[in-house]
Amino acid sequence: MALRFYNTLSGRVEDFQPLEDKKVRMYTCGPTVYDFPHIGNYRTFVFQDILRRYLKYRGYEVMQAMNLTDVDDRTIANSQAAEKELREYTEPYIQGFETDRQLLSLEKPEFLPRATDHIDDMVKLIQTLLAKGHAYSSDGSVYYRVRSFPEYGKLSKLDFSGLRDGARVDSDKYDKDNARDFVLWKGWKEGEPFWEAPFGRGRPGWHIECSVMAMQCLGETLDIHSGGSDLIFPHHENEIAQSEAATGKPFVRFWLHAEHLMVNGEKMSKSAGNFFTLRDLIQKGYRPSAIRYLLASVRFRMPLNFTMDGLVQAQKSLERLRNFRYRLTMEEFEDGFDADLAGKASASTQAMEEALDDNLNTAEALAAIFNLVLEGNTAMDQGRFRAGNREAFLDALERWDRIFAGLEDNDYAKLEEYGLIKELEKPIDGSTISGAKEFPAPQPGSGDGGVIRTVLANAEIERRLALREEARGRRDFGRADEIRRELEADGVILEDTKAGTRWKRK
RNA sequence: GGCGCGGUACCCAAGUGGUAAGGGAGAGGUCUGCAAAACCUUUACGCGUGGGUUCGAUUCCCACCCGCGCCUCCA
């Protein structure tokens with residue numbers, strides 16, 4: 001079966017084929033850098049990453065652009081409150097996003113344009129729209145004339161046929177010909193950042209940046225454009241109107257929208273206050289890889305209810321996969337090749353591919369790899385697994401990991417690299433440090449929060465491990481078990497295997 | 001009201017016109033110095049409700065109920 005996606009524009013699942021043979025031009029709506037994104041935002045970004053990775057897996061060359069919105073009402077309001085220049089204010093959040101991106105194993109898009117780097121291009125597009133009669137100036141601002149684009153509403157399926165010109169809702173409140181018209185350029189207000197334009201000093205409206213940067217980076221017709229479902233209207237509807245009115249060409253062929261992350265049955269959002277940032281969760285002791293897994297484990301078109309229990313389950317699921325790979329790598333098997341097992345690995349991969357081909361059915365793709373884990377573990381326990389089977393199983397895991405990026409247990413290494421955790425040592429007889437949270441969560445507006453958690457240092461773990469080994473050598477199991485319990489309290493799990501003691505962090 | 005998403009076991013969650021994947025959790029067992037990991041057994045006669053079509057529906061059709069989102073802040 002062919003690769004296929006649900007296209008919001010048609011309302012159907014359609015076979016996917018890029019415009020240009022194996023090259024996919026993809027634009028994904030990125031963050032507004034007025035604060036740290038919350039994990040609802042990251043649900044969409046993780047979906048986009050899975051999409052990107054799978055397209056590459058399928059042999060496409062992916063050209064992805066993700067915008068960084070660094071000028072809008074919120075960035076301006078927050079920078080004013082912080083008494084900082086706009087760029088000075090947004091820079092730490094751009095850095096923070098970059099850190100989060102790497103923590104969540106989101107591949108770097110080919111283009112990460114900042115809105116304020118493309119004001120000139122926005123001005124040009126607005127001029128084009130003015131020249132073609134799709135826009136008009138009014139009181140220092142420029143508005144898009146929705147009536148001039150008959151197809152307005154085709155994406156959101158909203159019916160605007162009742163639109164009438166001149167039916168001003170409130171002439172004092174709106175300087176628009178019609179209440180549905182939206183702003184392309186906001187006339188300057190005292191104290192706000194501004195740019196000069198032929199139609200007056202001001203700043204861009206919300207939607208124009210995406211049209212401009214998408215076309216600038218990728219051309220006038222995109223294969224894929226995606227974002228959260230709350231962007232369908234007005235944001236993406238307006239992007240279509242702007243872009244297609246200006247170029248006369250279809251703007252986007254496939255519109256893919258992710259459903260929301262929910263908390264207690266409500267959409268997670270900044271305004272509702274029911275949100276967690278990535279840093280909030282790391283501080284509570286959860287791992288970025290578990291967060292990514294949880295966000296990826298449900299198909300993007302399904303609402304996903306976020307719970308801490310869900311995160312724990314995700315972490316344990318990942319652990320099962322990692323344990324399996326560890327066993328596959330470390331255990332010794334008899335030479336030879338078990339024919340019965342031979343087909344299992346490729347069958348699992350094929351099942352995974354069929355699931356992902358089907359509009360990115362990630363839940364089913366996960367089932368495919370877990371079925372392989374069971375096959376493998378059972379065969380090993382029964383002594384049927386042979387050395388010659390190892391490579392195919394590892395290959396299936398590696399293929400899975402190219403999409404899901406969860407096999408590597410590297411959360412702590414990354415957190416340390418980005419200065420988000422600090423390793424502590426303490427004497428073995430001291431009190432435990434588990435749950436040590438002496439660092440406050442970063443406050444909105446404070447920029448990158450720095451260290452937010454502490455963990456036991458690797459060297460200290462190794463030292464205690466040696467003490468335990470020594471105790472076990474004496475068959476002093478009481479002492480050995482005591483050390484094991486202490487380590488567990490400090491967030492370290494031990495596993496005694498034939499190859500020695502393996503440790504890992506919770 | 002319009003448009004859209006969803007309602008499957010204790011939790012998360014696939015799925016098909018032919019008798020319910022997978023993960024987590026619980027219980028019992030195997031293995032282990034003990035654990036952990038892993039394996040085995042076990043936990044939905046049932047898939048929001050009521051009709052209909054059919055030899056047969058969780059899966060198709062109709063109606064209804066419930067939760068949620070969007071309808072110019074929003075991933």
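So you know, we letter chains A, B, ... as the sequences are listed, proteins then strands, and number each from 1.
Judged by distance alone, with hydrogens and angles left aside, A:Arg475 brings no side-chain donor or acceptor close enough to the base of B:G33 to form a pair under 3.5 Å. Side chain A:Asp481 to base B:G33: a donor-acceptor pair is found below 3.5 Å. Between the side chain of A:Arg484 and the base of B:C34 there is at least one donor-acceptor pair of N/O atoms closer than 3.5 Å. Checked by distance alone, A:Asp496 brings a side-chain donor or acceptor within 3.5 Å of a matching partner on the base of B:C34. Evaluation of atom-type donor-acceptor distances gives a pair under 3.5 Å for the side chain of A:Gln313 against the base of B:C11. A donor N or O paired with an acceptor N or O is not found under 3.5 Å between the base of B:C73 and the side-chain atoms of A:Lys270.
Nearest-nucleotide mapping onto RNA chain B: of A:Arg74 and A:Val312, the residue sitting toward the 5' end is A:Val312.
With a 3.5 Å ceiling on both atom-pair distances, the Watson-Crick or G-U wobble partner of B:G6 is B:C66. Under the Watson-Crick and G-U wobble criteria, each requiring two contacts below 3.5 Å, nucleotide B:G1 is paired to B:C71. Across all strands shown, B:C60 forms a Watson-Crick or G-U wobble pair, both distances under 3.5 Å, with B:G52. With a 3.5 Å ceiling on both atom-pair distances, B:C31 lacks any Watson-Crick or G-U wobble partner.
A:Arg12 has no side-chain polar atom (N or O) that falls below the 4.0 Å cut-off from OP1 or OP2 of B:G4. Residue A:Thr378 places at least one side-chain N or O closer than 4.0 Å to OP1 or OP2 of B:C40. Contact annotation: A:Asn361 does not reach the phosphate of B:A14 (side-chain N/O to OP1 or OP2, under 4.0 Å). Contact check, A:Lys157 against B:G4: no side-chain N or O comes under 4.0 Å of OP1 or OP2. In this model, the phosphate group of B:C34 is not approached by any side-chain N or O of A:Arg468 to a distance below 4.0 Å at OP1 or OP2. Dashed line: the shortest gap from a side-chain N or O of A:Arg322 to OP1 or OP2 of B:A37 is not under 4.0 Å. Checking the phosphate oxygens (OP1, OP2) of B:A36, no side-chain nitrogen or oxygen of A:Trp503 falls inside 4.0 Å.
Of the P atoms belonging to B:G6 and B:G15, the separation is 10 Å, rounded to the nearest Å. Remark: the separation of the C1' atoms in B:A9 and B:G24 is 13 Å, to the nearest Å. Spacing between B:A14 and B:A21 at atom P, rounded to whole Å, works out to 15 Å.
Geometrically, A:Arg101 does not engage A:Phe45 in a cation-pi contact defined by less than 6.0 Å to the ring centre and at most 45° from the axis. Figure legend: cation-pi geometry between A:Arg505 and A:Tyr412, with NZ or CZ positioned under 6.0 Å from the six-membered ring centre and within 45° of its axis. A:Phe385 does not carry A:Arg390 over the face of its six-membered ring by the limits of under 6.0 Å from the centre and within 45° of the normal.
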| task | Would you sort out whether A:Lys176 and A:Asp181 count as a salt bridge (charged side-chain N to carboxylate O under 4.0 Å, His left out), showing the intermediate values? | result | CA-CA 7 Å; A:Lys176 302 186 273 190; A:Asp181 289 352; over 6 Å; no
| Passes ring-ring contact (aromatic ring centres under 6.0 Å, His included), A:Phe233 versus A:Phe160? Steps please. | CA-CA 13 Å; A:Phe233 190 88; A:Phe160 297 103; 5.6 Å; yes
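Distance from the side chain of A:Glu259 is smallest for B:C5 among the nucleotides B:A38, B:C5, B:G15.
Within 4.0 Å of A:Gly227, counting heavy atoms only, lie sugar-phosphate atoms of the nucleic acid but no base atom. Within the nucleic acid shown, A:His235 has no heavy atom closer than 4.0 Å to any nucleic acid atom. At a threshold of 4.0 angstrom between heavy atoms, the contacts of A:Leu494 include nucleobase atoms, whether or not backbone atoms are also involved. Among the atoms of the strands shown, base atoms are found under 4.0 Å from some heavy atom of A:Phe477.
Remark: side-chain polar atoms of A:Arg145 are not paired, donor with acceptor, to backbone N or O of A:His134 under 3.5 angstrom.
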